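From a predicted model like this one, the values you see are computed outputs, not experimental measurements.
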Amino acid sequence: VSGELATPLDMLLADASSSLPRRFVPGMSGVRFAAGLARHPRRVVGRTAGLAGELVKVGLGRSDLAPDEKDRRFGDDAWAKNPLFRRALQTYLATGRAARGLVDDADLDWGDDHRIRFIVDNIVEAASPSNHPLTNPKVIKRTIDTGGGNLLEGGRRFVRDFATAPRVPSMVEPDAFEVGTDMAVTPGAVVLRTEQLELIQYSPQTDKVHEIPMLIVPPTINKYYVIDLAPERSLVEHLVRSGKTVFCISWRNPDVRHADWDLDTYGAAILEAMDAAQAISRQSSTSIFGICSGGMIASMVLAHLAAVGELDRVASYTLAVTVLDQARAGVTSALMS
């Protein structure tokens, strides 16, 4: 899933048991999509004629359509060298381009455009020949090499993945990674522990460090290690190697016992973490780095500090993948009703 669609897909999966089918039904957006195409018949005819012409070229072996070089789905040589696989791929590319082009032709407003485009993109991606065993050369080769053992193993994994919620394919084995062993390994220690969080201070890796500490506020669905995945792929590692004094919140994953936690709870927890970072560093201010929902709550905290005349406690403020204005917040807000 591309980065643009990952967040709304997470939202859809969260309520898959009750309302996923409804969210994939275009409703009035579909009606307006059809009406938009009806208002521009020449565009539709031109788009259809263009597709027909390209399919003729595909059949004759004269099409120049090719996938993006970075598209790993079609990395096998058979997609380019085998005439059957090449034609299947080019037919898919031509059809997908035409389908997406129809959304452009309809001249929809912002919300309808995002809703229809989300549906069309998912249908196009699902129709990829790489998704189907009989039209994927890697699957065919693997089936021959294993005598069908790959299909049996895949069937076993399918049953396992869909036997429990959220009933989606697993990306890795459940025990593939362990925090602190093969991910999140930048040296540090927990310097504060409260009911809501643990505060990690990372060990300096330079002879001198900047005076002002940096406090990272990650998403509250605790995956703080997204910024410390592995050596040479770690934002935390980069920061400490740059001479920063880095603190990071590791949020507690709440359960039913914590049902009364609210934004005030999380805001107060951030203030506690700031207090600790400033006390340990012997400074009167902190640089805040908020990420996703952590950035949303940190923004609320900054508004609070401004209201009580303590905004000077924040030396700088950085946000990553944080949506503060929900009016046109991409696919996510377009799907909200």
Side-chain angles (χ1 to χ4, degrees), residues 1-16 18-20 22-24 26-27 29 100 103 108-122 125 166 168 171 196-197 214-229 234-236 238-239 246-254 258 261-271 273-274 286-307 311 313-337:
V1 181
S2 70
E4 181 184 2
L5 296 180
T7 298
L9 184 57
D10 283 345
M11 181 187 70
L12 291 173
L13 293 177
D15 61 357
S18 60
S19 61
L20 181 62
R22 176 179 60 81
R23 293 194 183 279
F24 274 102
S29 293
R100 291 181 169 117
V103 182
L108 299 170
D109 65 20
W110 177 86
D112 289 333
D113 182 89
H114 273 71
R115 285 188 284 271
I116 295 298
R117 198 173 297 278
F118 175 79
I119 294 172
V120 170
D121 282 344
N122 275 272
E125 298 303 328
V168 295
M171 301 297 291
Q196 289 80 33
L197 60 80
M214 172 177 285
L215 173 63
I216 299 176
V217 185
T220 46
I221 300 176
N222 187 30
K223 299 289 186 292
Y224 80 91
Y225 42 81
V226 71
I227 56 169
D228 189 26
L229 288 176
S234 166
L235 176 60
V236 169
H238 170 74
L239 291 171
V246 180
F247 295 83
C248 181
I249 291 174
S250 173
W251 294 108
R252 181 174 191 165
N253 283 320
H258 314 111
W261 288 7
D262 56 17
L263 283 176
D264 285 340
T265 305
Y266 283 100
I270 292 175
L271 291 175
M274 289 178 62
T286 308
S287 294
I288 306 296
F289 183 6
I291 304 172
C292 198
S293 61
M296 296 179 188
I297 301 173
S299 297
M300 179 195 72
V301 171
L302 259 70
H304 163 75
L305 291 175
L311 193 56
R313 291 187 58 188
V314 181
S316 66
Y317 188 42
T318 304
L319 292 173
V321 292
T322 300
V323 178
L324 298 180
D325 183 353
Q326 301 289 336
R328 291 195 172 190
V331 180
T332 305
S333 63
L335 292 177
M336 298 285 280
S337 65

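Two residues are said to be in side-chain contact when any heavy atoms from C-beta on lie closer than 4.5 Å; Val314 and Leu302 meet this criterion. Side-chain atoms of Leu239 and Ile216, non-hydrogen and from C-beta on, do get closer than 4.5 Å to each other. Contact check for Val323 versus Met296: side-chain heavy atoms found under the 4.5 Å cut-off. You'll find the side chain of Leu305 reaches within 4.5 Å of the side chain of Met274, heavy atoms only. By the 4.5 Å heavy-atom criterion applied to side chains, Leu319 and Leu324 are counted as neighbours. A 4.5 Å side-chain heavy-atom check between Cys248 and Ile227 finds at least one atom pair inside the cut-off.
Contact record, Trp251 with Thr220: CD1-CA, 3.5 Å, taken as the closest heavy-atom pair. Asp109 and Asp112 make their closest contact through OD1-N, 2.9 Å (heavy atoms, listed as atom of the first residue, atom of the second, distance). What you find for Asp228 and Ser234 is that their closest heavy atoms are OD1-OG, 2.6 Å. The shortest non-hydrogen separation linking Gly267 to Met300 is CA-CE, 3.9 Å. Smallest separation of non-hydrogen atoms from Asn253 and Ile221: OD1-C, 4.2 Å. Met214 and Thr286 get closest at one heavy-atom pair: C-CG2, 4.4 Å.
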Practice task
I would like to know whether Arg117 and Asp121 meet salt bridge (charged side-chain N to carboxylate O under 4.0 Å, His left out); could you show each step before the answer?
Solution key: CA-CA 6 Å; Arg117 198 173 297 278; Asp121 282 344; 5.8 Å; no
Exercise for the section: Under the side-chain contact (heavy atoms from CB on, under 4.5 Å) rule, what do His258 and Thr265 come out as? Steps first, then yes or no, please. Expected result: CA-CA 10 Å; His258 314 111; Thr265 305; over 6 Å; no
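Within the 3.5 Å criterion, the main-chain N or O of Ala320 finds a donor-acceptor partner in the side chain of Thr322. The backbone N or O of Gly290 lies less than 3.5 Å from no partner atom in the side chain of Tyr317, so there is not a single donor-acceptor pair.
How far NZ of Lys223 is from CG of Leu229: 12.5 Å, rounded to the nearest 0.5 Å. Interatomic distance, CD1 of Ile249 versus OH of Tyr266, reported as 11.0 Å (0.5 Å rounding).
Between the side chains of Ser250 and Tyr225, not a single donor N or O lies within less than 3.5 Å of an accepting N or O.
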